[in-house]
Amino acid sequence: MGSRVEILNDGGYRSDGRRQFELRDITINLAQQGQADGSAVITHGLTQVLVSVFGPREAKMRSQTIHDRANINVEVNVAAFSTGERRKRSRGDKRILEIGSTIKSTFEPVVQTTLYPRSQIDVYITVLQQDGGLLQACINGTTLALTNAGIPMADFVCAVTGGVHSTSALLDLTTLEENDVPHVTVAMMPKTGKVALVTMETRLHVERFEEIFRLAGEAGKVLHKEMKKAVMGRTSTLVNAMGSRGSGVDRDGDEQMNEL
Amino acid sequence: MISFSSFPATREYAEFSGPHHPYDPSDDVEMEIDEDYLDTNGSKLTYPGESLTSSQAYMRGHGTYVDNEEVIASVAGTIERVNKLVTVRAIRSRYNPEVGDLVVGRITEVQPRRWKVDANSRQDAVLMLSSVNLPGGVQRRKLESDELQMRNFFEEGDLLVAEVQAFFADGAMSLHTRSLRYGKLRNGQLVTVPPILVRRLKSHFIALPCGVDLILGLNGYIWVSKHVKEAEQEGEEGFDAEGVYSNINDNIDEITRTAISRVTNIVRILASHFIPLTDTLLIEAYDWTVDQEGGAKDLLSEDLSDALVTSLAFRV
């Protein structure tokens with residue numbers, strides 16, 4: 001072995017000290033960002049993505065309007081400082097365009113676009129830091145930003161990456177693991193258990209696939225719990241702030257009194 | 001068992017703007033208890049994909065859909081129930097127009113016999129040439145010559161106040177400015193707030209005692225301007241024929257300018273704390289800020305704006 005980093009050591013720990021099925025720490029920030037109708041910053045470990053949603057609004061290009069439903073427009077922008085070595089990627093980069101179109105086709109059946117004919121929903125994704133699981137972070141962030149913008153959706157979409165190291169399955173891979181291990185990204189809808197997206201860029205043994213797929217589905221449900229909690233927290237604070245002319249803020253006042 | 005790798009929790013984030021961490025994966029039991037998410041007002045909150053009731057007993061309204069004979073929420077917000085109709089009102093969304101609403105908008109396009117107006121809705125609103133007043137209040141059919149000089153009435157970028165007249169088949173709204181109170185806006189400044197914060201009031205034209213007029217558009221666009229005297233506004237024969245579509249601001253003295261920026265900043269602060277706007281609240285807030293030291297721009301500092309919000313909470 002020598003200097004090579006072990007993906008999974010004898011004790012069953014991964015390179016960053018996680019167990020096989022442990023997900024990285026996530027943080028969700030649903031605060032207002034500028035003029036966006038809805039926005040979310042989601043962090044999976046060291047991967048951080050900012051998603052801003054504008055719309056539904058009048059389509060800027062007439063050619064893009066669809067007469068019976070809204071058009072979802074996804075633009076992904078990878079910050080030059082997001083990776084280890086500084087690299088400026090052009091907007092026309094094929095890999096980035098592909099992520100954008102994958103996200104678009106994932107959300108088209110979930111968002112109730114038929115309610116907004118001739119409109120456009122713009123999703124702007126900015127990748128601030130990457131450490132593996134880029135697509136998963138983008139999808140989870142987009143779900144949260146769309147919810148935050150009050151855009152009707154059938155369900156959450158929760159995405160997780162899974163991989164296989166020899167015979168043992170791993171979840172939520174870092175860049176280091178993604179480079180070494182065949183991996184698959186699964187996006188699922190927790191209410192029905194339906195799968196919104198399965199994508200794989202490497203070769204994976206067919207006998208391993210089922211296990212990974214099932215695990216990723218379960219991990220999606222765990223993520224859903226966290227995302228739901230964040231959304232409910234945000235909603236209830238806003239509702240309380242609106243109805244606070246009496247109860248909500250008074251409570252804060254009481255706390256201050258106690259401190260004094 | 002799938003869980004999160006746990007790092008030591010840094011600090012408790014109580015504010016809604018703060019990020020959310022999964023602390024302890026074993027809090028499943030606690031989750032069950034606050035599953036109902038009842039807030040202090042007792043209204044129930046939803047998230048997309050939460051099933052509400054069976055579709056046999058209830059009818060689905062806005063913000064819900066039916067799947068497998070179940071009514072399911074499609075937005076995050078509060079549930080409202082009227083008899084058998086279940087609706088979910090999204091906490092933040094674009095403006096949903098209703099006929100008779102007062103809106104403030106900006107012209108985006110001039111088209112044959114119509115203007116396109118951005119009114120913070122899901123599509124641009126339409127203002128037909130036939131639903132504006134001619135300068136001087138002349139009552140007649142619009143002629144071809146009027147069509148040719150549409151840019152003399154409204155140009156791209158002009159702001160206007162109008163009323164929602166009707167809807168088109170695709171849900172786009174049609175506006176009208178056939179009242180002397182409606183029309184082009186000048187002598188002031190625009191502020192944008194989430195539309196849910198503007199409640200339906202008796203009047204959306206508010207004259208504050210500090211010499212500032214406010215127009216609370218239900219679409220969340222708020223126009224803050226210099227006070228116009230009633231007599232100037234209402235005059236029949238004497239009313240300025242050109243004034244209605246004028247692009248030139250009146251002279252605004254220093255004191256009024258300060259008052260306007262003070263009011264705009266108050267509106268911004270209230271909006272950032274998600275507090276619904278009413279005339280009494282704005283007057284109170286203005287009185288409070290006048291007593292404070294510092295100019296209008298100092299209001300935007302975090303300390304002062306928090307102090308403002310706290311003082312308002314205690315007064316009501």
Side-chain angles (χ1 to χ4, degrees), chain A residues 17-18 21-29 31 35 37-38 41 55-58 112 116-119 147-156 171 189-191 215 218-219 222 225-226 228-250 252-253, chain B residues 1-7 15-22 25 28 31 37 39-41 43 45-51 63 65 67 72 74-78 90-94 108 116 118 120-124 170-172 192 196-197 272-276 281 309-310 312-314 316:
Chain A
R18 282 184 291 157
F21 303 148
E22 242 177 328
L23 304 176
R24 286 177 287 176
D25 182 50
I26 71 167
T27 63
I28 295 167
N29 184 351
Q35 285 294 307
D37 288 299
V41 182
R57 63 179 180 187
E58 181 91 1
Q112 297 178 341
Y116 304 110
R118 290 170 188 279
S119 310
T147 319
N148 202 4
I151 293 172
M153 292 199 295
D155 201 352
F156 280 81
L171 281 175
M189 295 187 261
K191 175 157 177 63
L215 272 171
E218 273 175 47
V222 174
K225 209 176 259 175
E226 287 308 322
K228 188 173 84 180
K229 215 170 172 181
V231 167
M232 295 308 289
R234 169 83 177 159
T235 316
S236 79
T237 19
L238 289 187
V239 168
N240 286 337
M242 281 183 66
S244 71
R245 320 249 49 77
S247 53
V249 178
D250 260 352
D252 291 355
Chain B
M1 180 59 203
I2 297 159
S3 63
F4 289 96
S5 63
S6 39
F7 294 118
E15 290 203 19
F16 60 78
S17 54
H20 166 80
H21 276 276
D28 284 12
M31 284 288 291
Y37 297 108
D39 73 328
T40 49
N41 305 330
S43 55
L45 308 178
T46 61
Y47 57 87
E50 185 185 26
S51 50
Y65 67 99
D67 186 40
I72 300 167
S74 61
V75 292
T78 48
I91 189 70
R92 268 182 66 93
S93 73
R94 290 229 146 195
T108 55
K116 281 293 181 80
D118 161 38
N120 200 22
S121 183
R122 55 187 186 242
Q123 283 170 73
D124 280 0
D170 62 355
T192 316
I196 199 168
L197 296 183
S272 71
H273 286 81
F274 224 71
I275 296 169
L281 195 67
V309 172
T310 324
L312 289 175
F314 276 118
V316 179

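Computed from a predicted structure; not experimentally measured. As a basis for the values below, the full set of heavy atoms in this structure was taken, side chains included, without hydrogen atoms, waters or symmetry mates. Note on naming: letters A, B, ... go to the chains in the order of the sequence lines (proteins, then strands), and numbering restarts at 1 for each one.
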Q: Please rank N120(B), V75(B), D124(B) by heavy-atom pairs under 4.5 Å with chain A and give me the top one.
A: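 Ranked by heavy-atom pairs under 4.5 Å with chain A, first place is D124(B).
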
Q: Taking the side chain as everything from C-beta on, heavy atoms only, tell me whether I72(B) gets closer than 4.5 Å to K191(A).
A: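 They are in contact (side-chain heavy atoms under 4.5 Å apart), so the answer is yes.
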
Q: Looking at G17(A), G150(A), P190(A), which makes the most heavy-atom pairs under 4.5 Å with chain B?
A: G150(A)

Q: Counting distance only, does the side-chain N/O of T235(A) pair as donor-acceptor with the main-chain N or O of A76(B) below 3.5 Å?
A: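 No, the answer is negative, given that no donor and acceptor are paired below the 3.5 Å cut-off.
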
Q: Say you draw a straight line from CZ of F4(B) to CZ of R24(A); how long is it, rounded to the nearest 0.5 Å?
A: 11.0 Å

Q: Nearest 0.5 Å, what's the CG-CG distance between N240(A) and L45(B)?
A: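 Rounded to the nearest 0.5 Å, the CG-CG separation comes out at 8.0 Å.
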
Q: Please confirm whether the backbone N or O of M232(A) pairs with a side-chain atom of Y47(B), one donor and one acceptor, at under 3.5 Å?
A: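 Not confirmed, Y47(B) side chain does not pair with M232(A) backbone.
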
Q: Where do H273(B) and A241(A) come nearest, in terms of heavy atoms and distance?
A: O-CB, 3.6 Å

Q: Using heavy-atom distances under 4.5 Å, tell me whether A219(A) contacts chain B through its side chain, its backbone, both, or neither.
A: both

Q: Please flag which part of T108(B) lies under 4.5 Å from any non-hydrogen atom of chain A: side chain, backbone, both or neither.
A: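 No part of T108(B) comes within 4.5 Å of chain A.
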
Q: Test your reading of the model: is there a side-chain donor-acceptor pair from Q123(B) to the backbone of P117(A), 3.5 Å cut-off?
A: yes

Q: Of the backbone (N, CA, C, O) and the side chain (C-beta and beyond), which part of Q112(A) lies under 4.5 Å from a heavy atom of chain B, both, or neither?
A: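 When you check distances to chain B, only side chain atoms of Q112(A) fall under 4.5 Å.
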
Q: Using a cut-off of under 4.5 Å on heavy-atom pairs, state which of V41(A), D37(A), V222(A), N148(A) scores highest against chain B.
A: D37(A)

Q: Let me confirm one number: the CD1-CZ distance from I151(A) to R92(B), rounded to the nearest 0.5 Å.
A: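 If I round to the nearest 0.5 Å, the distance is 11.0 Å.
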
Q: So, for Y65(B) and D155(A), which heavy atoms are closest and what is the spacing to 0.1 Å?
A: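 That would be OH-N, 4.5 Å.
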
Q: I'd like to verify something: which residue of R118(A), M189(A), Q35(A), R18(A) has the highest number of heavy-atom pairs under 4.5 Å with chain B?
A: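 Most heavy-atom pairs within the cutoff with chain B belong to R118(A).
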
Q: For M153(A) and P48(B), work out which heavy atoms get closest and say how close.
A: O-CB, 3.9 Å

Q: From the options T78(B), I275(B), I196(B), select the one residue that forms a side chain to side chain contact (heavy atoms under 4.5 Å, CB included) with M242(A).
A: I196(B)

Q: Is it the backbone or the side chain of R57(A) that comes under 4.5 Å from a heavy atom of chain B, or both, or neither?
A: both

